[in-house]
Undergrad: 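Below is a structure I'd like to ask you about.
Residue numbers start from 1 in every chain, and the chains themselves are labelled A, B, ... in the order their sequence lines are given, proteins ahead of strands. All heavy atoms count here, side chains included; hydrogens, waters and symmetry mates do not.
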Amino acid sequence: MPELPEVEIAARHLRRWAEGRRIERVTTDPRAARIFRPGSRVAFARALSGARLLRVDRRGKHLLVTLADRRRRPIGLWSHLGMTGKWVLRAWADEEPGHARVRLELDDGHALLYLDPRLFGRQRLVPAADFAALPEVAALGPDPVHDGIDPARLAEGLRATRRPVKVALLDQAILAGVGNIHASESLFAARIDPRCIGRSLSDAQFRTLARAIAASLRRGIESQDGPEIAYVEEPGAENPFRVYARDGERCPRCRREPIRRIVQAQRSTFFCPRCQA
DNA sequence: ACCCGTGTTCGCTG
DNA sequence: TCAGCGAACACGGG
């Protein structure tokens, strides 16, 4: 699921569902051992059972959950959703959906379930006081929501590499939270060719791009932030994006050229060859 | 059957 | 030494 907007929504949901709640029982999927490495799923379950969930933070695409164990000692849960991970809420008695890798039974009759078919996500116990010291977190660039996007700093990051600007936008060390969808969407909004290298862009273009990224992520968050629902399963949802996965369709801006799909760094990029010249 | 996928890490190479 | 590249991870859907 996740780029920054989905992870932000996940954080809000976890707060509403579980902040202040006690975890009464933990079960994990034996086939999902890789999710918990280098720790073990057994140790994971033992540490969290009886713990109380205190707060949920987000940096980039990383979820940082602070809990207190039975003796009120702090525990940190570092959670990354990978490509297909999601947290959902179910009542204890509900039938469990497929690919449930973690089940945290709360003291209010509900259970938090971590679903992840492809097992690219990670759930790891860490020192709660020290999330910022985690190598994965320490390596992140500024978070667009918490820190804003400084055009000069963005320019510095994107000009320091020879990778195409679309590829560099996926580098979490330059800016944390942009993924494959919002990279294409932001460059389209800023009318920047995804194939060009940062060095060829002007300061004005970086200012435009910084605003475009912020707007794209904000729109992503707003479109998903709705009234409380226990879980979301949309069967036939419309594609809410302007170019992403719209190759072959007419460009929504110039209405002349079809949107093109190219592959960069093994990922699809979508753009209008006319608007993004 | 085959291709594709909202992410990241690892090992090789020049 | 290190930036950049491609493979790998694993599974479902079109």
Side-chain angles (χ1 to χ4, degrees), chain A residues 1-11 29-38 58-63 78-87 97-101 114-124 134-141 144-145 156-188 194-195 197-199 213 216-225 232-248 260-270:
Chain A
M1 311 270 356
E3 291 187 31
L4 185 151
E6 290 76 18
V7 181
E8 174 62 25
I9 294 304
D29 179 353
R31 290 162 302 184
R34 51 174 294 115
I35 284 179
F36 306 95
R37 291 207 289 252
R58 179 197 58 73
R59 288 305 290 185
K61 304 172 190 173
H62 302 242
L63 285 169
W78 172 74
S79 174
H80 194 292
L81 306 180
M83 192 88 104
T84 53
K86 54 158 64 166
W87 284 98
H99 306 294
R101 310 305 192 179
Y114 175 67
L115 314 180
D116 191 352
R118 288 172 74 179
L119 303 176
F120 287 171
R122 293 291 179 269
Q123 307 293 331
R124 191 192 306 165
L134 287 178
E136 292 87 347
V137 176
L140 296 176
V145 171
E156 190 185 343
L158 295 178
R159 280 174 175 154
T161 174
R162 292 145 86 118
R163 289 171 292 174
V165 62
K166 154 62 162 54
V167 176
L169 276 178
L170 300 181
D171 185 340
Q172 303 297 295
I174 296 176
L175 191 65
V178 176
N180 204 41
I181 291 178
H182 290 283
S184 278
E185 293 292 299
S186 304
L187 289 167
F188 173 75
R195 298 165 293 187
I197 61 167
R199 214 160 318 188
I213 295 168
S216 185
L217 295 175
R218 199 185 322 117
R219 198 179 321 139
I221 293 170
E222 283 167 2
S223 71
Q224 297 170 70
D225 193 20
V232 196
E233 310 274 341
E234 340 84 276
E238 285 281 307
N239 176 357
F241 305 111
R242 295 208 277 172
V243 293
Y244 182 79
R246 293 196 181 279
D247 43 321
R260 264 185 75 192
R261 172 185 177 273
I262 60 173
V263 174
Q264 296 180 291
Q266 306 174 299
R267 314 294 307 275
S268 288
T269 298
F270 302 90

Undergrad: Quick check on A:Arg162: does its CZ atom have over 12 non-hydrogen neighbours (other residues, nucleotides or ligands) under 6.0 Å away?
TA: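 No.
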
Undergrad: Rounded to whole Å, how long is the line connecting atom CG of A:Leu119 with atom P of B:dG7?
TA: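 Rounding to the nearest Å, CG of A:Leu119 and P of B:dG7 are 17 Å apart.
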
Undergrad: May I have the distance from A:Gln264 (atom CD) to B:dC4 (atom C1'), rounded to whole angstrom?
TA: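 Computing the A:Gln264:CD to B:dC4:C1' distance gives 17 Å.
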
Undergrad: Between B:dT9 and C:dT1, how far apart are the two P atoms, rounded to whole Å?
TA: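 So the two P atoms sit 23 Å from each other.
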
Undergrad: Would you say the side-chain atoms of A:Arg246 pair up with the backbone N or O of A:Gly248, donor to acceptor, closer than 3.5 Å?
TA: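 Flag not set: sc A:Arg246 to bb A:Gly248 has no pair under 3.5 Å.
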
Undergrad: Testing A:His62, A:Arg122, A:Gln123 for side-chain hydrogen bond (donor to acceptor under 3.5 Å, both in side chains) with A:Ser79, which one passes?
TA: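 Only match with A:Ser79 under side-chain hydrogen bond (donor to acceptor under 3.5 Å, both in side chains): A:Gln123.
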
Undergrad: Among C:dG12, B:dT6, B:dG5, find the nucleotide with the atom closest to the side chain of A:Arg118.
TA: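 Ranking C:dG12, B:dT6, B:dG5 by closest atom to the A:Arg118 side chain puts B:dG5 first.
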
Undergrad: Could you state the atom-to-atom distance from CG of A:Asn239 to P of B:dT6 in whole Å?
TA: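 These atoms are roughly 12 Å apart.
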
Undergrad: How long is the line joining CD of A:Glu6 and C1' of B:dT6, in whole Å?
TA: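 Going from A:Glu6 (CD) to B:dT6 (C1'), I get 6 Å.
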
Undergrad: Measure from CZ on A:Arg101 to P on C:dC11 and round the result to the nearest Å.
TA: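 One finds 7 Å between P of C:dC11 and CZ of A:Arg101, rounded.
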
Undergrad: Identify the heavy atoms of A:Leu140 and A:Arg59 that sit nearest to each other, and give their distance.
TA: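 Between these two residues, the closest heavy atoms are CD1-O, 3.7 Å.
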
Undergrad: Expressed in angstrom and rounded to an integer, what is the separation of A:Asp116 atom CG from B:dT6 atom P?
TA: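 The distance from CG of A:Asp116 to P of B:dT6 comes to 15 Å, rounded to the nearest Å.
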
Undergrad: Can you list every stem that DNA chain C is part of, counting only runs of 3 or more consecutive Watson-Crick or G-U wobble pairs with both distances under 3.5 Å?
TA: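 Looking at DNA chain C, the stems formed by three or more consecutive pairs are B:2-5 with C:11-14, B:7-14 with C:2-9.
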
Undergrad: Taking the P atom in each of C:dA10 and B:dG11, what is the distance between them to the nearest angstrom?
TA: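 The same atom, P, in both gives a distance of 16 Å.
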
Undergrad: Do A:Glu185 and A:Ser216 have side-chain atoms, one donor and one acceptor, less than 3.5 Å apart?
TA: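 No donor-acceptor contact under 3.5 Å links the two side chains.
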
Undergrad: Find the distance A:His99:NE2 to C:dG12:C1' and express it as a whole number of Å.
TA: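 It is 7 Å, rounded to the nearest whole Å.
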
Undergrad: Identify which nucleotide among C:dG4, B:dT6, C:dC9 has an atom closest to any side-chain atom of A:Arg34, counting heavy atoms from C-beta outward.
TA: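 Looking only at heavy atoms from C-beta outward on A:Arg34, the closest nucleotide is C:dC9.
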
Undergrad: Using the ring of each side chain (for Trp, its six-membered ring), is A:Trp87 parallel, tilted or perpendicular to A:Tyr114, with breaks at 30° and 60°?
TA: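 Answer is tilted, since the angle falls between 30° and 60°.
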
Undergrad: Across nucleotides 8-14 of chain B, 5' to 3', mark each nucleotide with B, S or - according to how protein heavy atoms within less than 4.0 Å reach it.
TA: BS-----

Undergrad: Grab the CZ-C1' distance between A:Arg199 and C:dG4 for me, whole Å please.
TA: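 One finds 14 Å between C1' of C:dG4 and CZ of A:Arg199, rounded.
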
Undergrad: Spell out, as yes or no, whether a donor-acceptor pair under 3.5 Å connects the side chain of A:Gln264 to the backbone of A:Thr269.
TA: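 No; zero donor-acceptor contacts below 3.5 Å.
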
Undergrad: Mind checking A:Arg31 for me? I need base, sugar-phosphate or nothing, with any heavy atom below 4.0 Å counting as a touch.
TA: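 Counting heavy atoms under 4.0 Å across all strands, no contact is made by A:Arg31.
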
Undergrad: Pick the C1' atom in B:dT6 and in C:dC5, then give their distance to the nearest Å.
TA: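 So the two C1' atoms sit 22 Å from each other.
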
Undergrad: Just N and O in the side chain of A:Thr84: are any of them under 4.0 Å from OP1 or OP2 of C:dC11?
TA: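 Indeed not, no polar side-chain atom of A:Thr84 lies that close.
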
Undergrad: Around atom CZ of A:Arg31, are there more than 12 heavy atoms from other residues, nucleotides or ligands closer than 6.0 Å?
TA: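 Counting other residues, nucleotides and ligands, CZ of A:Arg31 stays at 12 neighbours or fewer.
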
Undergrad: Within the stacking criterion (centroid distance below 5.5 Å, interplanar angle below 30°), does A:Phe120 stack on B:dG7?
TA: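 Base of B:dG7: stacked against A:Phe120.
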
Undergrad: Is it true that a side-chain atom of A:Arg267 and a backbone atom of A:Asn180 form a donor plus acceptor pair closer than 3.5 Å?
TA: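 No: the side chain of A:Arg267 does not pair with the backbone of A:Asn180.
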
Undergrad: Can you classify the ring geometry of A:His80 versus A:Trp78 as parallel (below 30°), tilted (30 to 60°) or perpendicular (above 60°)?
TA: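 Tilted, since the angle between the ring planes falls between 30° and 60°.
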
Undergrad: From the set B:dT6, B:dG5, C:dG4, return the single nucleotide nearest to any side-chain atom of A:Arg163.
TA: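 Nucleotide nearest to A:Arg163's side chain: C:dG4.
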
